[in-house]
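To start, the structure itself, in structure tokens.
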Amino acid sequence: MAEPKRKTVQMALDLVEVGTEASEALRHKTKNYKLPPEVPKKTLIKDIIRIAWPSLIELMLTQIASMVDMMMVGNIGANVEGAEQGLEGSRAVAAVGLTTQPVFLLFTLIMALNVGVTALVARNKGAGQKDRAELVLRQGLLMTAVISVVMSVLGYVFSEAMIRFMAAGSIDESVIQDATTYLHIRMLALTAVSLTSTITAGLRGAGDSRTAMVYNTVANVINVFMNWLLIYGNLGMPELKVAGAAWATIIGQYVAFAMALFAVMRKNEKKYLHLDLRKGFRPDKGVLLGVWQIGLPSMLEQLIMRVGMVIFARAVAGLGEDALATHQICMNIQALSFMMGQAFAVSATSLVGQSLGKGRSDMAKQYGNYTSLLGLFTALLLAAGFFFFGRYVVLLYNNKKEVVEIGGVIMRFIAFMQPFQCVQFIQAGALRGAGDTRSTMLVTLITVLLLRTSIALLLINVFNMGLYGAWIAMAADQLVRSLLIGLRYASNRWMLFKVRGEKKPAAA
């Protein structure tokens, strides 16, 4: 007689039984969230790294492409000698910097919905509801398509108005015109990049971060190559300078969209999610409510974040072109450091969501704890690099003396923030995986909109501390935000969050 086929173990969560309401109630009552004895720590850590490393590579390559983009823009006119050396490049960097917050603001609603898509896909996967997880992806794409078309039209029409608002009356007219042109071009691909991000959100919720790594890596390589062609006019292409950087970006974004769509539409037994167009995109009330239940607080969080960042950026823009260029360079470098925390946050969001979907809050807590420890260790290494070599990184962007000197000091601020920032990202990711986006929204309201902006305005306008005052404000924001997110995570209340649109775990 043949032996019964053993259940395939793909992750630590497969080693534990499905939780019941009674077992979960007892677990919460006794506060017993220890790692189950049948789950080896090594297996748990492997799960975290399996999701985090492709996410890290993807995010870092994306940010490196953005950094190279900024370096190429910053080196426009680098061969000019004398007093004008670096001037054209710093103005070009300032132009691109003026578009950063408007682009993020227009993308806010999509990012918020994607949080709901990731959490619901993860919950349904943990509950063994594959068809339901795929339904969530289709509903997410439906909402993204409608919203992104509206946002792209509004963004195109009001591009110049948004740029002039960000300039705060302190930027040269030629910089404003370059920034407006750049934003106009970027709006032509907002729908494509939005749909790609929703597919990525669904894949991450299912624990598949490798697919997104592949298509985003290819797109970034194309972006950098097109930068070389279109910014400087190589190989007979037109020398478009700042506009060339925008065209290169959207060409890469369309390539990523085509590859992402192909990846989820192609049937593959190894892939959890499959986008079957024959099932249609008819709105499903339950799933839409679930996505909005998580996405609405996340949207408010992102709007609060963007409003705070706009006020903050305008305060910096009021310091002049050199300060804005230096700030934009340092923000671009800091964004690379975000990648470490965000990559581990992808693991936390996916694994916490899947664990709670399976009714195992103990596994959710352990995944969150171990992910935070791994993130902290890597953040300390990154902080050391920024502290000792930050000035040389700034020099890669622009060789203007004032930019390099001030930027080198600010890199010390960035080094100081690394450990707090990374753990905060991860624990916030765990909260989002549980669907507890209201807490992160309130923390953002307190820190980014109230604390950061008030301290920045005070130090810049009253104490005349210039760009240093802005970065002291940012450091204060990160410290307080880390404390508040940490307290919420430690409370364990996020484990009790109920999400609409999820199904109970399938019978074992």
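For this chain, numbers begin at 1 and follow the sequence in order. All values derive from a computational prediction rather than experimental measurement. Note: hydrogens, waters and symmetry copies are ignored here, and every other heavy atom, side chains too, is used.
- Of all non-hydrogen atoms in Ile426 and Gly368, the two that sit nearest each other are CG2-O, 4.5 Å.
- Remark: the backbone N or O of Ile294 is not paired with any side-chain donor or acceptor of Ser298 at under 3.5 angstrom.
- Residues passing the side chain to side chain donor-acceptor pair (under 3.5 Å) test with Lys125, sequence neighbours excluded: none.
- Residues that satisfy the ring-ring contact (aromatic ring centres under 6.0 Å, His included) test with Phe416, not counting sequence neighbours, are Phe420.
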Open item on the list: Under the criterion side-chain contact (heavy atoms from CB on, under 4.5 Å), I'd like the reasoning laid out for Met11 against Leu351: C-alpha separation, chi angles, the key distance, then a yes or no.
Closed with: CA-CA 10 Å; Met11 56 189 296; Leu351 295 171; 3.5 Å; yes
TODO: Let me see the working for Asn32 and Asp362 under side-chain contact (heavy atoms from CB on, under 4.5 Å), right down to the final yes or no.
DONE: CA-CA 7 Å; Asn32 180 17; Asp362 52 346; over 6 Å; no
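- There is no side-chain donor-acceptor pair under 3.5 Å between Lys31 and Asn492.
- The distance from atom OG of Ser355 to atom OH of Tyr367, rounded to the nearest 0.5 Å, is 5.5 Å.
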Open item on the list: Quick one, Met162 with Leu106, criterion side-chain contact (heavy atoms from CB on, under 4.5 Å). Give me CA distance, side-chain angles, the key distance, then yes/no.
Closed with: CA-CA 11 Å; Met162 288 189 290; Leu106 291 166; 4.1 Å; yes
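- With sequence neighbours excluded, the residues forming a side chain to side chain contact (heavy atoms under 4.5 Å, CB included) with Leu458 are Val462, Phe463, listed by chain and number.
- Phe107 has its side chain within reach of Ser197: a pair of non-hydrogen atoms, C-beta onward, lies under 4.5 Å apart.
- Note: Ile455 CD1 to Met474 CE = 12.0 Å, rounded to the nearest 0.5 Å.
- Within 6.0 Å of CZ in Phe104 there are 12 or fewer heavy atoms belonging to other residues, nucleotides or ligands.
- Residues Pro419 and Ala379 come closest through the heavy atom pair CA-CB, 3.9 Å.
- Listed by chain and residue number, Phe425 satisfy the ring-ring contact (aromatic ring centres under 6.0 Å, His included) test with Phe338 (two or more places apart in sequence, or in another chain).
- The closest donor-acceptor contact from the side chain of Arg314 to the backbone of Phe165 lies under 3.5 Å.
- In this structure, CG in Leu296 is found 10.5 Å from CZ in Arg438, a value given to the nearest 0.5 Å.
- Atom CZ of residue Phe257 and atom OH of residue Tyr254 lie 8.5 Å apart, to the nearest 0.5 angstrom.
- Within the 4.5 Å cutoff, the side chain of Phe312 has no heavy atoms near those of the Val448 side chain.
- At a threshold of 4.5 Å between non-hydrogen side-chain atoms, the residues Asn369 and Leu373 do not count as touching.
- Between Gln302 atom CD and Thr440 atom OG1 the span is 9.0 Å, to the nearest 0.5 Å.
- Ser347 contributes a side-chain N or O that, together with a main-chain N or O of Ala52, makes up a donor-acceptor pair within less than 3.5 Å.
- Listed by chain and residue number, Thr118 satisfy the side chain to side chain contact (heavy atoms under 4.5 Å, CB included) test with Thr349 (two or more places apart in sequence, or in another chain).
- Arg360 places no side-chain N or O within 3.5 Å of a backbone atom of Val16 that could act as its donor or acceptor partner.
- Gln334 is listed as a side-chain neighbour of Met417, based on a closest heavy-atom distance under 4.5 Å.
- Among residues two or more places apart in sequence or in another chain, the ring-ring contact (aromatic ring centres under 6.0 Å, His included) test is passed with Tyr370 by none.
- With hydrogens and angles disregarded, a donor-acceptor distance shorter than 3.5 Å links the side chain of Ser209 to the backbone of Ile51.
- Annotation for Leu450 and Thr453: closest pair O-OG1, 3.6 Å, computed over non-hydrogen atoms.
- For the residue pair Thr144 and Thr198, a side-chain donor N or O sits within less than 3.5 Å of a side-chain acceptor on the partner.
- Rounding to the nearest 0.5 angstrom, the gap separating the OG1 atom in Thr444 from the CE atom in Met305 is 4.5 Å.
- Thr99 meets the side chain to side chain donor-acceptor pair (under 3.5 Å) test with no other residue; sequence neighbours excluded.
- Within a 6.0 Å sphere centred on OH of Tyr468, heavy atoms belonging to other residues, nucleotides or ligands number more than 12.
- A search for side chain to side chain contact (heavy atoms under 4.5 Å, CB included) contacts involving Pro37 returns nothing, not counting sequence neighbours.
- Every side chain to side chain contact (heavy atoms under 4.5 Å, CB included) that Glu24 has, sequence neighbours left out, goes to Arg27, His28, Ser361.
- Side-chain atoms of Ser372 and Tyr489 form no donor-acceptor pair, as typed in the model, at a separation below 3.5 Å.
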Task: Step-by-step side-chain contact (heavy atoms from CB on, under 4.5 Å) determination, Met363 to Val39 - done: CA-CA 9 Å; Met363 290 295 292; Val39 179; 4.1 Å; yes
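- By the 4.5 Å heavy-atom criterion applied to side chains, Gln366 and Leu44 are counted as neighbours.
- Two residues are said to be in side-chain contact when any heavy atoms from C-beta on lie closer than 4.5 Å; Leu137 and Leu141 meet this criterion.
- The 12-atom threshold is exceeded at CZ of Phe281, counting heavy atoms of other residues, nucleotides or ligands nearer than 6.0 Å.
- Side-chain contact between Trp471 and His327: present, with at least one pair of heavy atoms (C-beta onward) separated by less than 4.5 Å.
- Among residues two or more places apart in sequence or in another chain, the salt bridge (Lys or Arg N to Asp or Glu O under 4.0 Å) test is passed with Lys130 by Glu134.
- Every pair passing salt bridge (charged side-chain N to carboxylate O under 4.0 Å, His left out) that includes a residue from residues 477-492 is listed here, sequence neighbours excluded: Asp436-Arg488, Arg452-Asp477, Asp477-Arg481.
- Listed by first and then second residue, the side chain to side chain donor-acceptor pair (under 3.5 Å) pairs that reach into residues 49-58 are Glu58-Arg204, Glu58-Asn216, sequence neighbours excluded.
- Here the side chain of Lys358 pairs no donor or acceptor atom with the backbone of Gly19 at under 3.5 angstrom.
- Leu190 and Ser152 get closest at one heavy-atom pair: CD2-N, 3.5 Å.
- A donor-acceptor pair is defined here as one N or O able to donate and one able to accept, closer than 3.5 Å; no such pair exists between the side chain of Asn124 and the backbone of Gln129.
- Between Ser194 and Thr191, the side chains place no donor N or O within less than 3.5 Å of an acceptor N or O (distance only, hydrogens not considered).
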Open item on the list: As a quick check of understanding, evaluate side chain to side chain donor-acceptor pair (under 3.5 Å) for Asn220 and Thr217, giving each step before the final call.
Closed with: CA-CA 5 Å; Asn220 287 327; Thr217 298; 5.6 Å; no
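- Counting heavy atoms from C-beta outward, Ile333 and Phe386 have side chains that approach closer than 4.5 Å.
- Each of Arg278, Lys279, His274 was evaluated against Asp276; a single residue qualifies, Arg278, per the side-chain hydrogen bond (donor to acceptor under 3.5 Å, both in side chains) test.
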